[in-house]
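The sequence lines fix the lettering, A, B, ..., with proteins before strands; numbering per chain opens at 1.
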Amino acid sequence: MGTIQKNLGLKHKYMAYTTAAGALAAYPKRIPSGAVAQKELDGVGQKIGLKIQEILDTGKLKKLDQYNSDPKIVTLNLLCRVTGVGPAAARKWIDSGVKTIEDLKKEKLNHHQEIGVKYFEDFEKRIPRSEMQEIKNIVKTSISQLDQLITVKICGSYRRGSESSGDVDVLITHPKFTNEKKEQKDTFDLIKRIVDRLEKIKFLTDHLANGTQQYMGVCKIPKEGAIARRIDIKLFPKESFYTALLHFTGSGEHNRQLSCIAINKGFKLSEFSITPVGSTGVEGAPIPVQSEKEIYDILGIPFRKPSE
DNA sequence: GTCGT
DNA sequence: CGGGATGCGC
DNA sequence: ACGACGGCGCATCCCG
């Protein structure tokens, strides 16, 4: 239900379903009824409570079956699996008769969508940890040849120790790239220079978005039969690096927990900074941190490695 | 869709 | 041509 | 009853 709401453009309903599903999955006991679910679980209200009851009673959900038997919804869900295609574009094409990915290839696509179609199958395949390690070696080696001072971290589920990942999330920083001196010569166009280099060694094969702070593109280990992978490279000023590292290592659930703890203890934690928040609600200056552990220290909770 | 105001 | 709005991904 | 729900970088569209 969540995915459908998202593809319809109802992003907050999607979030509502996601939180409810998360609460349900995290609940240690069996849920005997929709009413109990609504009472016990945060994020489950009346409507989802009724749906839980229906599933308990009949084993299915009429509303969902209706959606899944609606050809327009089925096509919507298909088209939205192409990166670069969202609710607005998908709806437009469905109205003009597009039904399959093959149909989509004949339409006028922007660059991002072209790449999305080109690698449609590849992008849905998971990346084994062994391949992630190869990718990490290529990226780290190549970047350190450019400038030894650059710090490179592969985040996401890989950093949490997962056996497979959905994409490659690279975080970088440079001691001379600070909030004060974002324009300095050493770090100016740092991402562009990295991208040039990775392109030259035939690692990056296509680009989706290529800015000064953020790159999104496609990489492939340069050997026969390799699968195309989505890769993002993000540059953060060094003041933000450890909060960013924490944030982009996740998981999403872990981030929500930390954020909640932060608020309760009078702080605001984001990918950019950790700041004190006064009792009046006024936000103070960011607290400088030089490691992930220091953030845990500020929050007054024991440090846990990404893999824990 | 759910929650807080 | 340029500044703002929109779509999208994360 | 009603608004918030994360919010920002990049590509592209829109409009003056």
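- The distance from atom NZ of A:K6 to atom P of C:dG7 is 17 Å, rounded to the nearest whole Å.
- Along DNA chain D, read 5' to 3', the first and last nucleotides having any atom under 4.0 Å from a heavy atom of chain A are D:dC5 to D:dT12.
- A:M15 places its CE atom 13 Å from the C1' atom of C:dC10, with the value rounded to the nearest Å.
- Although no hydrogens or angles enter the test, the distance criterion places no donor-acceptor pair under 3.5 Å between the side chain of A:R159 and the main chain of A:T249.
- Across all strands shown, A:L208 has heavy atoms under 4.0 Å from sugar-phosphate atoms exclusively, and none from any base.
- In the hydrophobic cluster analysis, where Ile, Leu, Val, Met, Phe, Trp and Tyr join through side-chain heavy atoms closer than 4.5 angstrom, A:Y215 is grouped together with A:L190.
- One hydrophobic cluster holds both A:I201 and A:I191 under the rule that ILVMFWY side chains link at heavy-atom gaps under 4.5 Å.
- DNA chain D is contacted by both A:N110 and A:Q214; A:Q214 maps to the nucleotide lying nearer its 5′ end (nearest heavy atom per residue).
- Across the protein-nucleic acid pair, A:Q113 atom CD and C:dG7 atom P stand 13 Å apart, rounded to whole Å.
- Between atom CZ of residue A:F120 and atom CG of residue A:L104 there is a gap of 9.5 Å, rounded to the nearest 0.5 Å.
- Residue-level contact check: A:K51 touches the backbone only, with heavy atoms under 4.0 Å from sugar-phosphate atoms and none from bases.
- Using a 4.0 Å heavy-atom cutoff across all strands shown, A:E271 reaches at least one base atom of the nucleic acid.
- Within the nucleic acid shown, A:A20 has no heavy atom closer than 4.0 Å to any nucleic acid atom.
- To the nearest angstrom, C1' of C:dC8 lies 13 Å from CG of A:N7.
- Each of A:A209 and A:H12 has a nearest nucleotide on DNA chain D; the 5'-most of these lies closest to A:H12.
- Comparing the same atom, P, in D:dC5 and in C:dC10 gives a spacing of 22 Å after rounding to whole Å.
- Using a 4.0 Å heavy-atom criterion, one finds that A:T83 contacts the sugar-phosphate atoms exclusively.
- What separates CZ of A:F123 from P of C:dG9 is a distance of 12 Å, to the nearest Å.
- The side-chain tip of A:K136 does not point at the ring of A:Y158 from less than 6.0 angstrom away and within 45° of straight on.
- Among the atoms of the strands shown, only primed sugar atoms or phosphate atoms (P, OP1, OP2) are found under 4.0 Å from some heavy atom of A:Y17.
- Heavy atoms of A:Q46 sit under 4.0 angstrom from primed sugar atoms or phosphate atoms, though from no base atom.
- If you check every strand for non-hydrogen atoms under 4.0 Å, A:K13 touches a base.
- Across all strands, A:R91 comes closer than 4.0 Å to no nucleic acid atom at all (heavy-atom distances).
- A donor-acceptor pair under 3.5 Å links the side-chain atoms of A:R229 to the main chain of A:R126, judged by distance alone.
- Under a 3.5 Å cut-off, the side chain of A:K265 and the backbone N or O of A:L299 do form a donor-acceptor pair.
- Using cut-offs of 30° and 60° on the angle between ring planes, the pair A:Y296 and A:F303 is perpendicular.
- Nucleotides B:dG1 and D:dC8, compared at atom P, are 29 Å apart to the nearest Å.
- Under a 3.5 Å cut-off, the side chain of A:K140 and the backbone N or O of A:V152 do form a donor-acceptor pair.
- Within the nucleic acid shown, A:S270 has no heavy atom closer than 4.0 Å to any nucleic acid atom.
- One interatomic measurement links the two molecules: CD1 of A:I263 to C1' of B:dG4, which rounds to 14 Å at whole-angstrom precision.
- Candidate nucleotides B:dT2, C:dC8, C:dG9 were compared by shortest atom distance to the side chain of A:I48, and B:dT2 ranks first.
- Rounded to a whole Å, the NZ atom of A:K11 is 13 Å from the P atom of C:dC10.
- Counting any heavy atom pair closer than 4.0 Å across all strands shown, A:A16 reaches a base atom.
- Distance, A:D167 CG to C:dC10 P: 6 Å, rounded to whole Å.
- Taking the P atoms as reference points, B:dC3 lies 15 Å from D:dG6, given to the whole Å.
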